[in-house]
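Below: one structure, written as structure tokens.
Note on naming: letters A, B, ... go to the chains in the order of the sequence lines (proteins, then strands), and numbering restarts at 1 for each one.
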Amino acid sequence: MLRRLSARKTFLIVGLLTMLAGCQSAPPASQDTLYNDLGERHGIARFVKDMLYIVVEDDRIAETFRGVDIASLHRNLTDQICHLANGPCTYNGRSMTEAHAGLGIDETDFNALVEDLILAMEQNQVPVSAQNRLLNRLARLHDQVVRIPEARPTTH
Amino acid sequence: MPFTRFLPWLLVALASAPPAVAEPGSRLWATGGVTTIEGAAGGGLVPMAVLTGYASDREWGGSVALSHAPLDDYTVDVVAGALNWHNRIEISAARQTLDLDTLGAALNQDDLQQDILGAKLRLTGDVLYSPYGQWSLGVQYKHNRTFTVPDAVGARDVRGTDVYLAGTKVFLAGLFGRNVLVNGVVRGTKANQGGLLGFGGDKNDSYDAVLEGSAGVFIDRQWLVGTEYRQKPDNLGFAREEDGYDLFVAWVPERHLAVTAAWVNLGSIAGLDDQQGAYLSLQGSF
């Protein structure tokens, strides 16, 4: 039983719930300047480098990156972010699911990496709005990164 | 007065956080919300689906909080603490005190007080990363410690249990590149003024479904401004009960600390209309 719902209150509450349900698919398709706001490929390469410096000092996830070819990781991440920002780059690395299969990445690892990225973007004075727009695109990769089971051996 | 009595506890808790675990947890800044007046994580009046503190899926965490709201004829004080296991379950405890500044002499009673034990289970989703947001089911077991006055005005029970479903989502870059928080709650309750005036009443003694909501915008990752709205039942014949709302600013300079300031209006309380005033809440996370 919903008691004492005036029209105004109902409007407010229904509005909130509608936003909750409906806002998720509203990417700013037109006039995309995210690539420019991130400082183009040069700017992206710089904060990705700073992020990797933070990651190797981050006890939560440093181990995961041990033994990884950092130069190639840096290039791939830069290309990928550039591509996600609609910049003129091609990502040549493996798919996200493939790259993270069987690594046992959990929410803590994912949060740690996002935090290190934000700190690196802040170090490089990336505007808050550009940070958020990039994070919005990266957040969609969450389910391709966290708890991806070992790939089943395919027939050769 | 609880505020001064418990302040040393808060300081000890904050100071004794071992330096080796410098950060309380791995979830991103401000994603634990702040502490509501009922002890659960959320805003001030309205809980959210987020769980307190910063524990992620292999961590423990928690928070302690003090809140103070001098209204026109009453003063609200809350002392609360909560634990978070693996960002799955939140257990909270709170003591609420309503000083009867104006009515106290006439009623021969200084304050109304209740204890609230809460539990919140994250059912599914993540407030940042899931397209459909985060959803949690909560329960609050409330025990009124000063039932003489509630009894006299028609309340039926000294104890009550609220059950609520909360859905919360942060839309990254949702508005002009700023992150937008939206939260909705459906609660089943028999509580009068949250339980400070007991549960059930002469006018209505059955459960009501009430709606609560909050919305806010992150100016940056430290500052959130927003508003909350909370419906309340109207069970007592002696005085009408009204909905509450507030406008708030929360400042989360880092994970250990959150400061919330608000302007709150709780409507008419026990016949004294338009009870509004400032609200200040201090939260430490560990």
Those residues of residues 96-110 of chain A that come under 4.5 Å of chain B on a heavy-atom basis, listed by number, are A/Asp106, A/Glu107, A/Thr108, A/Asp109, A/Phe110

Can you confirm whether [X] is buried at [atom1], in the sense that more than 12 heavy atoms of other residues, nucleotides or ligands lie under 6.0 Å from that atom?
| X | atom1 | answer |
| --- | --- | --- |
| A/Phe65 | CZ | yes |
| B/Tyr245 | OH | no |
| A/His83 | NE2 | no |

Residue that, paired with B/Tyr129, satisfies side-chain contact (heavy atoms from CB on, under 4.5 Å) out of A/Asn111, A/Leu138, A/Leu141, A/Val145: A/Asn111

Tightest non-hydrogen contact, residues A/Arg60 and B/Arg58, listed as O-NH2, 3.3 Å

Over all heavy atoms of both residues, which pair between B/Leu28 and A/Val114 is shortest? Give the atoms and the distance, please.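 In terms of heavy atoms, the two residues are closest at CD1-CG1, 3.5 Å.
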
Checking A/Leu134 against chain B: side chain, backbone, both or neither under 4.5 Å from a heavy atom?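 No part of A/Leu134 comes within 4.5 Å of chain B.
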
Heavy-atom distances under 4.5 Å only: say whether A/Gln131 touches chain B with side chain, backbone, both or neither.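 When you check distances to chain B, no heavy atom of A/Gln131 falls under 4.5 Å.
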
Taking B/Leu128, B/Asp57, B/Val170, B/Leu172 one by one, which has the highest count of heavy-atom pairs under 4.5 Å against chain A?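 The option with the most such pairs is B/Asp57.
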
Comparing B/Ala173, B/Ser26, B/Gly188, B/Ala55 against chain A, the one with the most heavy-atom pairs below 4.5 Å turns out to be B/Ser26

So, taking the atom named CG in B/Asp220 and the one named OG in A/Ser129, what distance separates them when rounded to the nearest 0.5 Å?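 Rounded to the nearest 0.5 Å, the CG-OG separation comes to 12.5 Å.
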
Decide yes or no on side chain to side chain contact (heavy atoms under 4.5 Å, CB included) for B/Phe218 and A/Asn132, but give the supporting numbers first. CA-CA 10 Å; B/Phe218 283 93; A/Asn132 293 341; over 6 Å; no

Please identify each residue that fulfils side-chain hydrogen bond (donor to acceptor under 3.5 Å, both in side chains) with A/Gln80, with sequence neighbours left out.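 Partners of A/Gln80 under the side-chain hydrogen bond (donor to acceptor under 3.5 Å, both in side chains) test: none.
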
Is there a side chain to side chain contact (heavy atoms under 4.5 Å, CB included) between B/Asp126 and A/His142? Walk through the geometry before answering. CA-CA 10 Å; B/Asp126 182 279; A/His142 172 271; 5.5 Å; no

